[in-house]
Amino acid sequence: MTRVDTDFKDRVYELVGQIPKGRLMTYGQVAALCGAAWAAWEVGQIAHRGPKDLPWQRVVNKQGGLARSYTWGGFEGHKRSLETEDIEVSKDYRVNLDKYLWNPHL
DNA sequence: CCGTTGACCCTTC
DNA sequence: AGAAGGGCCAACG
């Protein structure tokens, strides 16, 4: 039902690849920008399947927290990746979305 | 507050 | 080669 075009998948790759260093985006935001706000979770699934060439570490949940199970190292691996991007990660594995949240329109 | 549902694609048996 | 299950979230009741 209302299955999205394969473009959605391709758009996610493009969008994530366009996220600049030091910036973060939420799954719901990425999905919405790709034209599938109902697929916020799918973005995560795509991340799991998608090419690890993309900076999925710059994509976090709406709580500003890291992914539940970072495929390439879990929370710790995700946290390290973010810190490598000059992104400050709290000890609770959370980031300041208000400070790092990025929008492609900018 | 907590639990369930949802439009998917890929991996493994 | 065919079929079934799993899996980086978010919103609603």
Side-chain angles (χ1 to χ4, degrees):
Chain A
M1 311 156 146
T2 322
R3 197 171 174 178
V4 168
D5 298 336
T6 51
D7 277 0
F8 170 69
K9 181 177 64 168
D10 195 50
R11 286 180 188 174
V12 174
Y13 296 139
E14 288 288 309
L15 184 59
V16 175
Q18 285 165 24
I19 300 175
K21 179 181 176 185
R23 287 288 183 277
L24 297 171
M25 284 190 76
T26 63
Y27 287 98
Q29 195 172 3
V30 173
L33 289 170
C34 288
W38 39 263
W41 61 292
E42 278 195 22
V43 177
Q45 309 325 318
I46 290 171
H48 214 23
R49 314 165 329 216
K52 57 188 181 190
D53 295 347
L54 296 175
W56 295 108
Q57 61 255 25
R58 293 174 189 160
V59 183
V60 297
N61 58 31
K62 207 163 189 183
Q63 299 175 6
L66 281 65
R68 298 185 74 178
S69 229
Y70 200 55
T71 315
W72 316 305
F75 285 99
E76 297 178 11
H78 196 167
K79 186 178 178 226
R80 287 185 188 175
S81 297
L82 291 173
E83 290 182 328
T84 302
E85 304 280 313
D86 291 320
I87 295 173
E88 186 178 359
V89 181
S90 301
K91 62 182 180 181
D92 197 32
Y93 295 101
R94 290 207 315 194
V95 296
N96 300 2
L97 282 180
D98 187 58
K99 182 179 179 182
Y100 297 109
L101 187 62
W102 178 72
N103 187 298
H105 188 66
L106 304 177

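We name chains A, B, ... by the order of the sequence lines, and we start the count at 1 in each one. Values reported hereafter were calculated over all heavy atoms of this structure, with side chains retained and with hydrogens, waters and symmetry mates removed.
Note on ring orientation: taking the six-membered ring where Trp is involved, the planes of A:W56 and A:Y13 are perpendicular (angle over 60°, cut-offs 30° and 60°).
A heavy-atom distance below 4.5 Å is not found between the side chains of A:L54 and A:V12. Within the 4.5 Å cutoff, side-chain heavy atoms of A:Q29 are placed close to those of A:L101. In this structure, A:I87 and A:Q57 have side chains that are not in contact, with every pair of non-hydrogen atoms separated by 4.5 Å or more. The closest side-chain heavy-atom distance from A:V43 to A:V16 is not below 4.5 Å.
A:E85 pairs in a salt bridge (Lys or Arg N to Asp or Glu O under 4.0 Å) with only one of the listed residues (A:R80, A:K79, A:R58, A:K21), which is A:R58.
Every residue two or more places apart in sequence or in another chain that forms a ring pair (Phe, Tyr, Trp, His ring centres under 6.0 Å) with A:Y93 is listed here: A:F75.
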Tabulate atom names and distances for all N/O pairs under 3.5 angstrom spanning the protein and nucleotides 10-13 of chain B.
none

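Of the possible donor and acceptor atoms, none in the side chain of A:W41 sits under 3.5 Å from a partner among the backbone N and O of A:Y27.
The P atoms of C:dC8 and B:dT12 are separated by 15 Å, rounded to the nearest whole Å. Comparing the P positions of B:dA7 and C:dG13 gives an interatomic distance of 16 Å, to the nearest angstrom.
Between A:R11 atom CZ and B:dC9 atom P the separation is 14 Å, expressed in whole Å.
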Let me have a per-nucleotide readout for nucleotides 8-13 of chain C, 5' to 3', with B, S or -, counting only protein heavy atoms under 4.0 Å. BBSS--
